[in-house]
Trainee: 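Starting off with a structure, shown below.
Order of the sequence lines fixes the chain letters, A, B, ..., with proteins taken first and strands second; residue numbering starts at 1 for each chain.
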Amino acid sequence: MARPRVHIKELPPLEKAESGVVMRFAPNPSGPLHLGHARAAVLNDAYVRRYGGRYVLRIEDTDPKRVDPEAYRMVQEDIGWLGLNITDIVYQSDRFDLYYKYGRELIERGGAYVCTCDNEMFRELKQAKTACPCRSAEIEDNLESWEKMLGGEFYEGSASVRVRTDLDHPDPAMRDYPAFRILNSPPHPRIEATVYPLMNFSVAVDDHLLGITHVIRGKDHIANTRRQRYIFDYFGWDVPVYRHYGRMGIEGVVLSTSQMREGIRSGVYHGWDDIRLGTLRAFARRGIKPEAVRDAVMDIGVGDTDISFSWENLYAQNKNIIDPVSNRYFFVPDPVMVHISDAPRQVAHPLLHPGQDDKGTRTLPFNESVLVPSSEIKDAGTMIRLKDLFNIMIESAGNQPQAVFTGDSLAEARASKAQIIQWLPVENAIPCRLLTQEGDLEGVCEPGVMKEEGNVVQFERVGFARIDAVKPEGIIAYFSHR
RNA sequence: GCUGCUAUAGUGUAGUCCGGCCAAUCAUGUCGGCCUUUCACGCCGACGACUGGGGUUCGAAUCCCCAUAGCAGCACCA
């Protein structure tokens, strides 16, 4: 039995963490959390738990084009599900005055300038390592332009604030990147603004102001880390310790919020919790436990190699968790009724959980006929054992299969290598639809399943499933994995 | 095109910093067996990898160079 043996690998130690850490999880509220978010969230969480300190949830809603008002709620729900040890919550949209203040100061320090160049033109100049005309403006003029920006005198796209870096930098990504932009639409759901900070600016300011000591994030941020460094240096701030893990995909699934949204819009997916998606709410619906996600993510660790995550690994972790606690039931897909002659009426009492007798038994009365998976009825002459009942021999396979009772000796069934299969009394079969990633399975299950709404059960010989809904017309279950 | 990161079995991962104890760890998977009234769990066993080529060295998964492959960035996204 069944002690989950989860030996979770230890993460590599963090530098300068001995006296505690302040870390952050900083999602963009564009949709619910998915496995990619979970990796960042769990790794940071694990380090905060290990070293002690604060764990800041920072909602990065500085791009109104990518804010879904619903997501504020969904992100919180998903974090609750994951069980993160969040200690502080901040919304970047509450902090625009701060960004303006530090933006102005950066200009005063000569670390940034207002640029009114055409985008395309700037891009070309940048590639050629050439300064744009705005770069040489006096600080006073820049401040004046900055005030005009804040005053609404520039229209969207006609002015931005750029950080003065190094035009000769070999990496074009470093050269004078933008810190603020103007956006006249769409409106931000939480605030009124037209001057928006860009991620590299707001993140640098907030990491400093919030006292973030360590940042664990994907390597797609490596360039951003270097860009943010310029801002830290202009202000003379200490930089956090960074660690960038590799890119992660999961086989057969898109982890892009925008693509998922499009799939939902076009009707490919039913919603954010469609079981074919890699969102945490889809996992939850399928009976995948947050602990399994944590374990799987911790196993992957903080390596900087790009990986293709396999469902197998997640399922294995989940099975460790759910197997010991999932009650067993019979589910008969595509049932066919078999009449059994010469069989004594009796009542079967299969265990709710093998090896855990104290959990009790189910009650399945037998009377003349049973429902079994049609795929199990093959040729006449086949010996089958109905699990926890008795042995039968198929006499005719056709549309109305007939069988004959051949005794209840388990030893006999084993000796003749009979399949031991699940079955249901005809009078006690509840309609049940099992939804899988590959499609739906119609069948019937035990009445006892009606008490398991919201729980994960194991359908014997089929696999684990979460009982999603118990309705008058039947049961809806979502397949977890084998 | 420019810049950077990475490369261990089907998948994930340890080892790489400080070369020898690595004929390479653990998990998962697959196969075989045991246990078992589930094709679950558990137990036993097997399978399976240092991207390629040079170099340094008595000795390289580990250091250096080249190649190849993958990824990321070069957005008025995060």
Trainee: Taking A:Arg190 first and then A:Asp94, would you say they form a salt bridge - that is, a charged N and a carboxylate O separated by under 4.0 Å?
Mentor: yes
Trainee: Any protein N or O atoms within reach of nucleotides 45-49 of chain B? Criterion: under 3.5 Å, listing atom names and distances.
Mentor:
none

Trainee: Where does RNA chain B pair, written as one dot-bracket string 5' to 3', with Watson-Crick or G-U pairs under 3.5 Å, ( ) inside the strand, [ ] for crossing pairs and | for another strand?
Mentor: (((((((..(((.......[.....)))((((((.......))))))...(((((..]....))))))))))))....
Trainee: Regarding A:Asp166 and A:His169, is there a side-chain donor-to-acceptor distance under 3.5 Å anywhere?
Mentor: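 Side-chain D/A pair, A:Asp166 to A:His169: absent.
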Trainee: A:Asp176: what forms a salt bridge (Lys or Arg N to Asp or Glu O under 4.0 Å) with it, not counting sequence neighbours?
Mentor: A:Arg135
Trainee: Take atom C1' in B:U3 and the same atom in B:C18, then report the distance between them in whole Å.
Mentor: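 Nearest-Å result for B:U3 against B:C18 at atom C1': 31 Å.
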Trainee: Applying side chain to side chain donor-acceptor pair (under 3.5 Å), can you list everything that pairs with A:Arg104, at least two apart in sequence or on another chain?
Mentor: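 If we apply the side chain to side chain donor-acceptor pair (under 3.5 Å) test to A:Arg104, skipping adjacent residues, the hits are A:Glu108, A:Glu147.
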Trainee: Let me spell it out: for each of A:Arg175 and A:Lys319, pick the nucleotide of RNA chain B with the closest heavy atom. Which residue's pick is nearer the 5' end?
Mentor: A:Arg175
Trainee: Report, one pair per line, the protein and nucleotides 9-11 of chain B atoms (nitrogen or oxygen only) whose separation is under 3.5 Å.
Mentor:
from	atom 1	to	atom 2	distance (Å)
B:G10	N2	A:Glu312	OE1	2.6
B:U11	O3'	A:Ser308	O	3.1
B:U11	O2'	A:Asn313	ND2	3.4

Trainee: Is a side-chain donor or acceptor of A:Ser158 paired with a backbone partner of A:Phe154 at a separation under 3.5 angstrom?
Mentor: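 No.
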Trainee: So which pairs with a foot in residues 59-75 of chain A pass side chain to side chain donor-acceptor pair (under 3.5 Å), sequence neighbours left out?
Mentor: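 Side chain to side chain donor-acceptor pair (under 3.5 Å) check on residues 59-75 of chain A returns A:Arg58-A:Glu60, A:Asp61-A:Tyr72, A:Asp61-A:Ser93, A:Asp63-A:Arg181, A:Asp68-A:Arg261, A:Glu70-A:Arg73, A:Arg73-A:Glu77.
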Trainee: Measure centre to centre between the rings of A:His214 and A:Tyr47, then say whether the value is under 6.0 Å.
Mentor: no
Trainee: What's A:Asp304 touching, base or sugar-phosphate or nothing? Going by heavy atoms closer than 4.0 Å.
Mentor: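 Contact class for A:Asp304: sugar-phosphate only.
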Trainee: Got a sec, which residues hit salt bridge (Lys or Arg N to Asp or Glu O under 4.0 Å) with A:Asp233, two or more places apart in sequence or on another chain?
Mentor: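 Checked A:Asp233 against salt bridge (Lys or Arg N to Asp or Glu O under 4.0 Å); matches are A:Arg229.
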Trainee: For B:U30 and B:A69, measure between their C1' atoms and round to the nearest Å.
Mentor: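 27 Å, rounded to whole Å.
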Trainee: What is the distance, to the nearest angstrom, from the CZ atom on A:Arg217 to the P atom on B:A72?
Mentor: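 Distance, rounded to whole Å: 17 Å.
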Trainee: Determine the interplanar angle of the A:His34 and A:His37 rings, folded into 0 to 90°, and report it as parallel if under 30°, tilted if 30 to 60°, perpendicular if over 60°.
Mentor: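 A:His34 and A:His37: tilted rings.
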Trainee: Figure out the CZ/C1' separation between A:Arg362 and B:U37, and round it to whole Å.
Mentor: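 Computing the A:Arg362:CZ to B:U37:C1' distance gives 11 Å.
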Trainee: When you measure from the side chain of A:Asn224, which nucleotide among B:A40, B:U37, B:A78 comes out closest?
Mentor: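 Nearest to the side-chain atoms of A:Asn224, counting from C-beta on, is B:A78.
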Trainee: Starting the side chain at C-beta, find the nucleotide from B:A75, B:U13, B:C71 nearest to A:Ile300.
Mentor: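 Nucleotide nearest to A:Ile300's side chain: B:U13.
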Trainee: Distance between the P atoms of B:U36 and B:C43, in whole angstroms?
Mentor: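 It comes out at 16 Å once rounded to the nearest Å.
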Trainee: Expressed as a whole number of angstroms, how long is the span from A:Asp220:CG to B:C74:C1'?
Mentor: 14 Å
Trainee: With sequence neighbours left out, what residues match A:Arg362 under salt bridge (Lys or Arg N to Asp or Glu O under 4.0 Å)?
Mentor: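 Partners of A:Arg362 by the salt bridge (Lys or Arg N to Asp or Glu O under 4.0 Å) criterion, ordered by chain and then number, come out as A:Glu446, A:Glu460.
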Trainee: With a 4.0 Å cutoff (strictly under), does any side-chain N or O of A:Arg247 reach OP1 or OP2 of B:A72?
Mentor: yes
Trainee: Is A:Lys126 close enough to B:A75 that one of its side-chain N or O atoms is under 4.0 Å from OP1 or OP2 there?
Mentor: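 Result: yes.
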Trainee: Reckon A:Thr305 touches a base, only the sugar-phosphate, or nothing at all at heavy-atom distances under 4.0 Å?
Mentor: sugar-phosphate
Trainee: State yes or no: are the ring centers of A:Phe180 and A:Tyr99 separated by less than 6.0 Å?
Mentor: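 No.
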Trainee: Between A:Arg482 (CZ) and B:A40 (P), how many Å, whole number?
Mentor: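 Those two atoms, CZ and P, are 7 Å apart.
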Trainee: Quick check on contacts: within residues 23-43 of chain A, what sits under 4.0 Å from RNA chain B by heavy-atom distance?
Mentor: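 Of all residues in residues 23-43 of chain A, the ones placing a heavy atom under 4.0 Å from RNA chain B are A:Asn28.
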Trainee: Using the P atom on both, measure B:U16 against B:C21 and round to a whole Å.
Mentor: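 The answer is 13 Å between these two P atoms.
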Trainee: So A:Gly246, base contact, sugar-phosphate only, or nothing? Heavy-atom distance under 4.0 Å.
Mentor: nothing
Trainee: Among A:Phe283, A:Tyr315, A:Phe459, whose ring-ring contact (aromatic ring centres under 6.0 Å, His included) with A:His481 holds?
Mentor: A:Tyr315
Trainee: Just the rounded figure in Å: distance from C1' of B:G73 to CZ of A:Arg229.
Mentor: 19 Å
Trainee: How far, in whole Å, is B:G33 from B:C22 if one measures between their C1' atoms?
Mentor: 30 Å
Trainee: Looking only at side chains, do A:Asn327 and A:Glu452 share a donor and an acceptor under 3.5 Å apart?
Mentor: yes
Trainee: A:Asp63 has a side chain; which of B:A40, B:A78, B:C71 sits nearest to it?
Mentor: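 Shortest atom-to-atom distance from the side chain points to B:A78.
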Trainee: To the nearest angstrom, how far is A:Phe201 atom CZ from B:A75 atom C1'?
Mentor: 18 Å
Trainee: Report yes if at least one side-chain N or O of A:Ser326 is closer than 4.0 Å to OP1 or OP2 of B:A40; otherwise report no.
Mentor: no
Trainee: Given B:G73, is OP1 or OP2 found less than 4.0 Å from the side-chain N or O atoms of A:Arg226?
Mentor: no
Trainee: In terms of ring plane angle, is the pair A:Tyr196 and A:Phe96 parallel, tilted or perpendicular, where the classes change at 30° and 60°?
Mentor: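 Because their plane-to-plane angle is over 60°, the rings of A:Tyr196 and A:Phe96 count as perpendicular.
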Trainee: To the nearest Å, how far apart are A:Met248 CE and B:G12 C1'?
Mentor: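 Whole-Å distance recorded here is 12 Å.
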Trainee: If you look at every strand shown and take non-hydrogen atoms under 4.0 Å, does A:Glu412 touch a base, only sugar-phosphate, or nothing?
Mentor: nothing
Trainee: For B:G52 versus B:A7, give the span between their C1' atoms, rounded off to a whole number of Å.
Mentor: 12 Å
Trainee: Could you tell me if A:His353 and A:Arg328 have a donor-acceptor pair between their side chains, going purely by distance under 3.5 Å?
Mentor: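 Yes.
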Trainee: Distance check, C1' atoms only: B:U8 and B:G12, in whole angstrom units.
Mentor: 12 Å
Trainee: In whole Å, measure the gap between the C1' atoms of B:C65 and B:U56 for me.
Mentor: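 Rounded to whole Å, the distance is 11 Å.
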Trainee: Expressed in angstrom and rounded to an integer, what is the separation of A:Asp299 atom CG from B:U25 atom C1'?
Mentor: 13 Å
Trainee: Quick one: list whatever passes side chain to side chain donor-acceptor pair (under 3.5 Å) with A:His188, sequence neighbours left out.
Mentor: none
Trainee: Applying salt bridge (Lys or Arg N to Asp or Glu O under 4.0 Å), name anything that partners A:Glu120, two or more places apart in sequence or on another chain.
Mentor: A:Arg123
Trainee: Tell me whether the side-chain N/O atoms of A:Lys219 come closer than 4.0 Å to OP1 or OP2 in B:G4.
Mentor: no
Trainee: Could you check which residues of residues 165-173 of chain A get a heavy atom under 4.0 Å from RNA chain B? Sort them by number, please.
Mentor: A:Pro170, A:Asp171, A:Pro172, A:Ala173
Trainee: On the ring face of A:Trp311, is A:Arg286 found with NZ or CZ under 6.0 Å from the centre and within 45° of the axis?
Mentor: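 Judged by the rule (NZ or CZ under 6.0 Å from the ring centre, within 45° of its axis), A:Arg286 counts as positioned above A:Trp311.
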Trainee: Between A:Gln92 and A:Asp206, does any side-chain donor sit less than 3.5 Å from a side-chain acceptor?
Mentor: yes
